[in-house]
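What follows is a set of notes on a single structure, which appears directly below.
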Amino acid sequence: MNNLQTQTQLFEDFTFMDYLRCLSKNEIIKLFENSWVCRAIFRSLSPLAKNYVLRLLFVDEKNDEITRQDFDSWYCEEINTTNQSFRTPTTTFMTQFNAHRTAFKQLQQLNLLEENITSQKLYLNNNFKSKFIEALIGKDKSLKIMGNENSEISINRLDSHWRQKLDSVLSYLLNLTNSSNISHIIREIVEKAKLKCDRTLTNEGNKFLFKDPLAQAWVLLLSYLKLPGKSNQVLSLVCRLSFLQLGKCYYDNILTTEEKQLLQDFEELGLVYLITKGTSRLFFPTRISVNMSAEQNSHLSAKLQENVSQSLIVETNFFIYAYCQENSITHKILAEFIKIENSLPNMIVGEITYKKISEIYKKGVSAELILNYLEANSHPEARRNYPFVPVAVSDLLRLWESDMNKLKITECALFTFTNEENFKLALEFTKENLVLVAIDNDKKQLFIEVLGEKRLADYLKSKNIMEVN
C-alpha cells in the first residue's frame, strides 16, 4: 500500500466532518465516548443519514435483523432482490438512490454503521448508540448548560476579539510583528502547521493567507491537536462550545478540569473570550467556536466575513484599488499576487499581471482561493454589482491556472493484488463504497481515495486477504 499523501495535506479546507473522516477507526470510536462529540456528529450528517441513524438507534442487534437488503429497501423499493439491478429506473429514482448511497457511504466513513460479516446484519456502533441515547433522554448530566443571563459583552465585541486574534497570527506570518509579541502557544502552532520557515512563508503559509476565517481556524486547531499532551479533550471542548449561545457568558465551573486548562489557549486562538468576575472566571464563546462543528455554508461565510476589511475594488482593466494603509495586512497579502503601482497614505493601487500570478500559483495558491479572497474583501460599492469580481478577471485567472496545471493529480492509495479472485472482491467493495479512482486490470491494481484506504484494508483483513502489496 502506498499512501501518496498524508491526511493532513489532503484536506486544505478542513471542516469538522473532514477531520473525522481521516481518523482511524479506533480513534473515532474513542471519540464516541463523549456525548458532545456524538451530538456534533449527528448534527453534521445529511438529512437522510440522520433519518437512518434514528431508525437504527433502538434496533436490538441480538434480536432484530437489519440486513443490507433491508437497509436499501428503506429508500429503494424497486431494487431487484436477486441481482441488485433496477427494474425500471427513472431520473427521479436514480437521484434518490444516489442520495441513499451517499448517506450510506457517510455513515460507513464515520464508522457509525457497522456490519456483522458472519450474519451480514447492519447496526449502529455501540459506543455512539449508547452515548447518543443518553443525550436524547437527558441522562447524561454533562449536557446541562448553566448560562449567566447578565452578559456584559456585546456580540460585536466578541467578533472583534476573534478577528484581532486572527489578525495577530497573520501579522506574525507576514513579519509585521515581532515573535516576542506573539504568545508561545501561537508560535508553537505556527511551527507545527509548517506555515513559516524562519521569516519566509511556506506553501502552506501562503495558502493560509487566502483562506476564509473558519478554514484558518481549523488549520490552527488541527496543529494545536498535534502538540504534545493534547488529547481528545480538545475536540470534546470544541464540540461543547459549538452548542453554546453566541453572546451569552458561562461560568467555567460547568467544564471539566482538563477543559478549564484549555480555555487560556482557546482564548489565544480566538475561540473564547475570558473575563474574571470576583473569584469566578467567565467565558464567552465567539462566532468562530459556535460554528466549528458546523458544515460550511454561504450564510455562515457571510457572517464570518462581516468583520473582514471590505476595501477592494477590482476593475475590468485588471487594476485593484485597496483602501488600506501601507504595510498593513491587506497590503502585504495583495503584494503576494499583484504588482504594486502606487502607495498612497490610505490607498494601494496595483495591477494583476501574469508574472505575479504565476509566482503565487507556484507557491500552491489556487485561482479559487484568490477569487474567494477578492470577493470576501470587496468594497461595498463593488458589491452593488454581481459578480463582485469582473468576469474578465476571474476567467483570466482560471485560464492562467489551467495553463500551468494541464495535468490533474488526484491523491490516492494504491493496492496491488496477485490473486484474481481477491482483486475482483476488492474491486466490488471499492465500487460499492464509491472510493474507486482508477483501475489497472492487467496489473491487478486499484487506485482508491485516501479516505477509503483504511476501510478497504479492514475489509480485506476481515476476509483474511493478506497478499496485498
Side-chain angles (χ1 to χ4, degrees), residues 3 6-8 10-11 13-59 61 66 68 71-72 74-75 98-117 121-136 218 221-222 225 231-232 234-236 238-240 242-243 291-297 411 413 429-430 432-436 448-459 461-462:
N3 192 334
T6 63
Q7 294 168 335
T8 304
L10 177 63
F11 292 106
D13 293 325
F14 258 82
T15 63
F16 175 63
M17 296 298 278
D18 291 333
Y19 172 70
L20 293 176
R21 290 188 191 102
C22 67
L23 295 178
S24 67
K25 182 177 180 179
N26 291 335
E27 289 172 329
I28 292 182
I29 292 177
K30 182 68 176 177
L31 290 176
F32 290 163
E33 297 175 1
N34 186 278
S35 298
W36 293 104
V37 175
C38 292
R39 289 183 66 182
I41 290 175
F42 181 78
R43 182 175 62 179
S44 300
L45 294 173
S46 67
L48 190 56
K50 289 179 182 176
N51 179 285
Y52 292 157
V53 168
L54 293 176
R55 295 185 72 165
L56 289 166
L57 196 59
F58 294 97
V59 170
E61 179 187 347
I66 302 295
R68 176 64 188 274
F71 187 85
D72 288 338
W74 289 350
Y75 209 87
N98 288 335
H100 166 76
R101 292 289 296 273
T102 301
F104 180 79
K105 178 183 177 182
Q106 185 181 34
L107 294 178
Q108 279 202 321
Q109 285 179 336
L110 296 174
N111 290 286
L112 293 175
L113 193 61
E114 298 184 352
E115 183 176 4
N116 188 308
I117 303 298
K121 292 192 297 184
L122 297 175
Y123 55 93
L124 282 181
N125 176 274
N126 287 328
N127 285 11
F128 175 85
K129 182 178 178 178
S130 60
K131 282 298 180 180
F132 192 59
I133 289 177
E134 288 179 1
L136 286 178
W218 263 110
L221 182 64
L222 288 172
L225 280 166
S231 64
N232 291 336
V234 175
L235 193 63
S236 170
V238 169
C239 293
R240 184 166 193 159
S242 70
F243 285 93
N291 288 293
M292 285 295 285
S293 67
E295 288 296 276
Q296 186 68 279
N297 57 68
E411 317 301 340
F429 179 85
T430 55
E432 183 177 325
N433 288 272
L434 307 177
V435 295
L436 182 64
I448 68 169
E449 295 178 5
V450 175
L451 286 176
E453 179 186 4
K454 291 181 180 178
R455 187 169 302 283
L456 178 57
D458 291 341
Y459 173 75
K461 186 177 180 180
S462 68

To the nearest 0.5 angstrom, please state how far the [atom1] atom of [X] sits from the [atom2] atom of [Y].
{"X": "Ser293", "Y": "Trp36", "atom1": "OG", "atom2": "CH2", "answer": "10.5 Å"}
{"X": "Asp18", "Y": "Leu23", "atom1": "CG", "atom2": "CG", "answer": "11.0 Å"}
{"X": "Asn127", "Y": "Asn34", "atom1": "CG", "atom2": "CG", "answer": "12.0 Å"}
{"X": "Ser24", "Y": "Glu453", "atom1": "OG", "atom2": "CD", "answer": "12.0 Å"}
{"X": "Leu57", "Y": "Leu124", "atom1": "CG", "atom2": "CG", "answer": "6.0 Å"}
{"X": "Phe42", "Y": "Leu110", "atom1": "CZ", "atom2": "CG", "answer": "13.0 Å"}

Could you give me the CA-CA distance, side-chain angles and deciding distance for Leu45 and Leu112, then say whether side chain to side chain contact (heavy atoms under 4.5 Å, CB included) is met? CA-CA 11 Å; Leu45 294 173; Leu112 293 175; 4.1 Å; yes
Please identify each residue that fulfils salt bridge (Lys or Arg N to Asp or Glu O under 4.0 Å) with Lys30, with sequence neighbours left out. Glu33
Val37 to Ser236 - nearest heavy-atom pair and separation: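 Scanning both residues completely, I find the closest heavy atoms to be CG2-CA, 4.1 Å.
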Specify the closest pair of heavy atoms between Arg39 and Phe132, including all atoms of both residues, with the distance to one decimal. CA-CE1, 4.4 Å
Walk me through it: do Ile29 and Glu114 pass the test side chain to side chain contact (heavy atoms under 4.5 Å, CB included)? CA-CA 12 Å; Ile29 292 177; Glu114 298 184 352; 4.3 Å; yes
Geometric cation-pi criterion, Arg43 with Phe243: 6.0 Å, 45°: yes
Can Arg68 and Asp72 be counted as an ion pair, charged N to O under 4.0 angstrom?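 Salt bridge flag = yes for Asp72 with Arg68.
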Is there a donor-acceptor pair closer than 3.5 Å between any side-chain N or O of Lys25 and the backbone N or O of Lys454?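 It does not hold such a pair.
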Donor-acceptor pair, side chain of Gln106 and main chain of Ala49, under 3.5 angstrom: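 Not a single qualifying donor-acceptor pair exists.
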Is it true that Tyr52 and Phe104 have ring centroids separated by less than 6.0 Å? no
Measuring only between side-chain heavy atoms, which start at C-beta, is [X] closer than 4.5 Å to [Y]?
{"X": "Phe16", "Y": "Val238", "value": "no"}
{"X": "Val234", "Y": "Leu221", "value": "yes"}
{"X": "Phe128", "Y": "Asn111", "value": "no"}
{"X": "Asn126", "Y": "Phe32", "value": "no"}
{"X": "Ile41", "Y": "Leu31", "value": "no"}
{"X": "Gln109", "Y": "Met17", "value": "no"}

With sequence neighbours left out, write down each residue that passes side chain to side chain contact (heavy atoms under 4.5 Å, CB included) with Arg55, or none if nothing qualifies.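 Applying side chain to side chain contact (heavy atoms under 4.5 Å, CB included) to Arg55 gives Asn51, Trp74.
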Determine whether more than 12 heavy atoms belonging to other residues, nucleotides or ligands lie under 6.0 Å from atom NZ of Lys50. yes
